Asker: 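This is the structure I have questions about; it appears just below.
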Amino acid sequence: QVQLVESGGGLVQAGGSLRLSCAASGRTPSSYAMGWFRQAPGKEREFVAAIGWSGSTTRFADFVKGRFTISRDNAKNTVVLQMSSLKPEDTAVYYCAAAQGVIVWTERIRYAYWGQGTQVTVSS
C-alpha cells in the first residue's frame, strides 16, 4: 500500500508562489505516474498537473499552463508542484495522487492512491 503526504500549502498573496511537495512511502510500485488535483468549496475535484515515471512526460490543465511546473525525484519518492503567479481562483485543497504504470492520466478515477490534501489560499 502506498501512503502519500502533501505539504507546502498555506496562505499567499495574489501573484505569489508556493511549492507543494508530496512524499510517497510504503510499498510503492515499480513505476507510477503522479498527479495533482484540487478541489474548491462547492466544486468538483479537478485535474491540475501530472508527471510520468521517467519525468519526461507532463500534463497540465489549461488554467495553469505557464504558471505551474511539476517535477519528481524518484530516489526520494517525491513529486513537487511549483506554483507561480497565483490567483485567488487557485484557492483550493490540493491533493497528490499516484497511478500504477507509466501512462500519465488526467482523470481522477485512474489514480488509486491519494493523499489527504493541503490547503492553498490565495488572497487578493
Side-chain angles (χ1 to χ4, degrees):
Q1 192 78 7
V2 178
Q3 291 81 46
L4 304 175
V5 179
E6 304 95 336
S7 62
L11 176 64
V12 64
Q13 292 182 335
S17 300
L18 279 176
R19 182 180 184 271
L20 304 184
S21 297
C22 178
S25 62
R27 185 175 173 81
T28 57
S30 57
S31 63
Y32 55 96
M34 295 291 297
W36 285 94
F37 296 77
R38 70 186 188 186
Q39 187 167 21
K43 299 183 65 177
E44 295 182 351
R45 190 170 300 185
E46 62 183 353
F47 171 76
V48 176
I51 186 168
W53 173 247
S54 69
S56 62
T57 301
T58 59
R59 302 274 189 258
F60 295 95
D62 288 341
F63 53 80
V64 302
K65 288 181 178 177
R67 299 191 297 127
F68 293 7
T69 62
I70 188 169
S71 61
R72 67 189 297 165
D73 185 341
N74 290 344
K76 296 190 292 185
N77 288 327
T78 59
V79 61
V80 170
L81 183 70
Q82 179 65 53
M83 306 185 295
S84 301
S85 301
L86 285 164
K87 307 173 182 179
E89 50 263 44
D90 293 319
T91 296
V93 176
Y94 283 70
Y95 300 87
C96 70
Q100 186 173 351
V102 298
I103 299 175
V104 186
W105 304 105
T106 62
E107 300 83 7
R108 62 182 183 270
I109 61 173
R110 299 293 188 178
Y111 290 83
Y113 306 101
W114 292 83
Q116 294 186 350
T118 185
Q119 177 70 48
V120 172
T121 303
V122 184
S123 63
S124 60

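In this text the structure is predicted, and so the values were computed from the model without any measurement.
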Asker: Under 4.5 Å between any side-chain heavy atoms of Leu86 and Phe68, yes or no?
Answerer: yes
Asker: Going through the checks in order, is the side-chain contact (heavy atoms from CB on, under 4.5 Å) test met by Val12 and Met83?
Answerer: CA-CA 11 Å; Val12 64; Met83 306 185 295; over 6 Å; no
Asker: Just by distance, no angles: are the side chains of Arg19 and Ser17 close enough, under 3.5 Å, to form a donor-acceptor pair?
Answerer: no
Asker: Any non-hydrogen side-chain atom of Leu4 less than 4.5 Å from a side-chain atom of Met34?
Answerer: yes
Asker: Hey, is CD on Gln116 packed in by over 12 heavy atoms from elsewhere, all under 6.0 Å?
Answerer: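 No.
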Asker: Side-chain heavy atoms under 4.5 angstrom apart, residues restricted to Ile, Leu, Val, Met, Phe, Trp, Tyr: same cluster for Val64 and Tyr111?
Answerer: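 Result: no, two separate clusters.
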Asker: With a 4.5 Å heavy-atom cut-off, do Leu81 and Val79 have their side chains touching?
Answerer: no
Asker: With sequence neighbours excluded, give me every side chain to side chain donor-acceptor pair (under 3.5 Å) pair touching residues 58-76.
Answerer: Asp62-Lys65, Arg67-Asp90, Arg72-Asn74
Asker: What about Val120 and Ile70, same hydrophobic cluster or not, with Ile/Leu/Val/Met/Phe/Trp/Tyr joined at side-chain heavy-atom distances under 4.5 Å?
Answerer: yes
Asker: What are the two closest heavy atoms between Val2 and Ala24, and how far apart are they?
Answerer: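 Smallest heavy-atom distance, with atoms named: CG1-CB, 4.3 Å.
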Asker: Check the pair Leu11 / Gln119 against side-chain contact (heavy atoms from CB on, under 4.5 Å), numbers first and verdict last.
Answerer: CA-CA 8 Å; Leu11 176 64; Gln119 177 70 48; over 6 Å; no
Asker: Side chains of Ser21 and Thr78, heavy atoms from C-beta outward: is any pair under 4.5 Å?
Answerer: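 Heavy-atom side-chain distance check fails, nothing below 4.5 Å.
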Asker: Between Tyr32 and Tyr113, is the gap from one ring center to the other below 6.0 Å?
Answerer: no
Asker: Measuring only between side-chain heavy atoms, which start at C-beta, is Glu46 closer than 4.5 Å to Phe63?
Answerer: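 Result yes, sub-4.5 Å side-chain heavy-atom pair found.
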Asker: Taking C-beta and beyond as the side chain, do Arg45 and Trp114 meet within less than 4.5 Å on heavy atoms?
Answerer: yes
Asker: How many angstroms lie between CD in Gln13 and OG in Ser124, if you round to the nearest 0.5 Å?
Answerer: 9.5 Å
Asker: To the closest 0.5 Å, what do you measure between CH2 (Trp36) and CZ (Phe47)?
Answerer: 12.5 Å
Asker: Does Cys22 offer a backbone N or O that forms a donor-acceptor pair with the side chain of Glu6 under 3.5 Å?
Answerer: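 Absent.
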Asker: Honestly curious: do Val80 and Val93 fall in one hydrophobic cluster under the side-chain, below-4.5 Å linking rule?
Answerer: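 As far as the 4.5 Å side-chain criterion goes, Val93 and Val80 are not connected within one cluster.
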Asker: So which pairs with a foot in residues 94-107 pass side chain to side chain donor-acceptor pair (under 3.5 Å), sequence neighbours left out?
Answerer: Arg38-Tyr94
